[in-house]
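As structure tokens, the structure follows; a few thoughts come after it.
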Number of protein chains: 2
Amino acid sequence: MNDVARAAGVSLKTVSNVLNEYEFIRPATKQKVLDAIAELGYEANLTARSLRSGKTRMLGLVLSDLSIPYYAELASRLMNVAAGRGYRVLVEQSGATAAHELSALQGPFRQLTDGLLFTPLTLDAGTIAAHRGAKPVVMLGEHIADLRFDLVTMKNAEAAAAITAHLLSGGRRRIAVLGAAAGDTADSPGLRLNGYRQALKAAGVEFDPALVVECDWRRDGGASAVGGLLGSGVPFDAVFGLNDAIALGALHELLIRGIQVPDDVAVAGFDDIEEARFASPSLTTVSPGMAEIAERSIALLIDRIEGAEPAAEGLRIEAGFELKIRDSAP
Amino acid sequence: MNDVARAAGVSLKTVSNVLNEYEFIRPATKQKVLDAIAELGYEANLTARSLRSGKTRMLGLVLSDLSIPYYAELASRLMNVAAGRGYRVLVEQSGATAAHELSALQGPFRQLTDGLLFTPLTLDAGTIAAHRGAKPVVMLGEHIADLRFDLVTMKNAEAAAAITAHLLSGGRRRIAVLGAAAGDTADSPGLRLNGYRQALKAAGVEFDPALVVECDWRRDGGASAVGGLLGSGVPFDAVFGLNDAIALGALHELLIRGIQVPDDVAVAGFDDIEEARFASPSLTTVSPGMAEIAERSIALLIDRIEGAEPAAEGLRIEAGFELKIRDSAP
DNA sequence: GGCCTAGCCTATAACGTTGTACAAGCTATG
DNA sequence: CATAGCTTGTACAACGTTATAGGCTAGGCC
């Protein structure tokens, strides 16, 4: 920057002012500086800028694992939206462990970023509140439902109810639910299960706890859950995987065992990951408005970062959803 | 750091020395400093450290799109390996456009990272060489095969030959190849196609250009390619997708049209993404040793960063591969 | 004519670390 | 007991920016 200043015959600070689009600079001076910059191929040192300004123009994204398609697709979108607003996204994988989540919340990772998009899976609201630090944090997902936090989420219960209603409208009466979590009522599994129960009730179909199976939210979780169900002899004519990975694993297992989908058993999921469209048969699921989630969570976080007041209360944003009826449950 | 120094009754630099594990510090002094650090909850400012040292301890990873499963899985592994060595990974999506690739190579992104893992798809070796800058760059993939660069790649031709041989051994004689790129001989499509041709030759099966179809390396590319092939009336009894996404798209399209897999047509892919295991039928493919690629590329890049000499010539690392025989082509 | 304001630019001091150079204390040696 | 050599600690400058405060000019107003 010194060289640029010398070449343009102005002071260091004037070059800085040009770069920062300071208002009161004569066009002629500005041009001289820009010419010098172009000639010397100067690029501002971002580290020094960060040190002085206290901003890194990076956003932190904490998720359990990038290799999970839902998170990969979300991360990709978030990065594109953030780039449009002049920010980068630094991703941290927590592996869904409390220790990693905590270190992402308060460790060096936090220093590198101006704000955090946080998908907690294990930490509770109290712990997060105690360690959230001064910089803005926006929660993604449902694990935290607390007015102290900004939260971007989806209409879990409504969407689950809608897809359950769709299965019911197709004449299914014994709809197995895969991916429940014991005792949960407020997190994604609980909310979606709740939507399922609402839809049953609305249709006058009795709820059977034997149809609710716990499992990991992964393909192999769904596969073994449906295997267990078949082994137990509980009859069912449809499977609702609480996310697409579970549903796809279940679909795979059903087909391996020679069960026809959707003729014998219909299958539905939740998330609308790309893979769902190309499964065989293609997977009926619900699209939770990922584009909207990405747009609005980035916008909210950047507003918190750049906005003056620290916002007394958390904002709650719920993205809309859309049913994707495909061949696994037409 | 000032506060810590004052609390411990030592100088600023002594605190810095403790943090940097400088050798000549009396245990008593060191303990005083550590106590003060613990009491005050001090954390070193990474930005200042970067400014002073010129290192960020971040590695750049340039790929086309994180929502592509292969890249998502690779990124996830790379991040874990890097974390084990005290580095973070900053991901940049190029969208496979030359402009983005170039800006990732020489723009501000470069400043933020000590070295680059670069998956070029459009830029040629000359352009990259001209703009690579001073910091280390390790190439991933096959697009660049040039002794000037460090390169971590896989045994494309051998693996493609092996999987083709497997299809041949199953009695298939008309194996369609999806995902070729016109004129290419040195990039992934070209190398894999070449392996296919070698295997045909070794088995004494004549090569038929009508079986080679160009398409995007995505699920819908594979789907429309196989659709085109069926429409053209060219007979085939197997499909080799040059990556798993293509193969999965093709598989989907075949099943939709009522073609039995593997009875009528066998399907094979390349990459062994997680999705392949859970496709229905599960996808026969080749695992290109992603774990090895992740380990070795990070190790190489960090060696280049921390090593003294800038390494006159590029190193070439080829990971091993493994056939994954599944139901789509048993 | 003197004073004030707006517009434009600059000198200097930070931001929080690490590298360099050197000083002080201690031990071993002749 | 002086000296050399090692160990341990310190002061100061530097990394490349931006913030603060203020200087200088030109024009308008009383």
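Quick note on labels: first sequence line is chain A, next is B, and so on, each numbered from 1.
- In this structure, B:Asn2 places its CG atom 11 Å from C1' of C:dT17, rounding to the nearest Å.
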Checklist entry - A:Asp114 and A:Lys135: salt bridge (Lys or Arg N to Asp or Glu O under 4.0 Å), yes or no, with the steps? => result CA-CA 7 Å; A:Asp114 295 341; A:Lys135 293 180 186 171; 5.0 Å; no
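- Of the two residues near DNA chain D, B:Leu51 and B:Val10, the one whose nearest nucleotide lies more 5' is B:Val10.
- The nucleotide whose nearest atom lies closest to any side-chain atom of A:Thr29 is, among C:dC9, C:dT10, C:dT17, C:dC9.
- Open room surrounds CD on B:Glu39; 12 or fewer heavy atoms of other groups in view lie less than 6.0 Å from it.
- Comparing atom distances between the A:Asn17 side chain and each of D:dT10, D:dG16, C:dT10 picks out C:dT10 as nearest.
- Rounded to an integer number of Å, the gap from B:Phe24 CZ to C:dG25 C1' is 15 Å.
- On a pure distance criterion of 3.5 Å, a polar donor-acceptor pair joins the side chain of A:Arg52 and the base of D:dT18.
- No engagement by A:Ser53 is indicated, since no non-hydrogen atom pair under 4.0 Å with the nucleic acid exists.
- In this structure the side chain of A:Met139 reaches within 4.5 angstrom of the side chain of A:Ile128, judged on heavy atoms.
- Distance OG/B:Ser64 to OH/B:Tyr71: 4.5 Å, rounded to 0.5 Å.
- Rounded to a whole Å, the CG atom of A:Leu112 is 14 Å from the P atom of C:dT17.
- Here B:Tyr22 does not reach the OP1 or OP2 of C:dT20: none of its side-chain N or O atoms lies under 4.0 Å away.
- In this structure, A:Thr14 reaches the bases: a heavy-atom distance under 4.0 Å links it to at least one base atom across the strands shown.
- Put simply, CE on A:Met1 is 16 Å from P on C:dT12, counting in whole angstrom units.
- If you take CG of A:Leu12 and P of D:dG16, they are 11 Å apart, rounded to a whole angstrom.
- When the side-chain nitrogen and oxygen atoms of B:Ser16 are compared with OP1 and OP2 of C:dT18, one or more of them lie within a distance under 4.0 Å.
- Between B:Arg57 atom CZ and C:dT17 atom P the separation is 17 Å, expressed in whole Å.
- Between the side chain of A:Lys13 and the base of C:dA11, no donor-acceptor pair of N or O atoms lies under 3.5 Å.
- Atom CZ of B:Arg49 and atom P of C:dC15 are 18 Å apart (whole Å).
- Counting to the nearest Å, the C1' atom of C:dT18 and the CD atom of B:Glu21 are 15 Å from each other.
- For C:dG7, the OP1/OP2 oxygens have no side-chain nitrogen or oxygen of A:Arg26 closer than 4.0 Å.
- Nucleic acid contact for B:Ile25: sugar-phosphate only, since backbone atoms but no base atoms lie under 4.0 Å from a heavy atom of the residue.
- Counting only N and O atoms by type, the side chains of A:Asn17 and A:Thr14 include no donor and acceptor under 3.5 Å apart.
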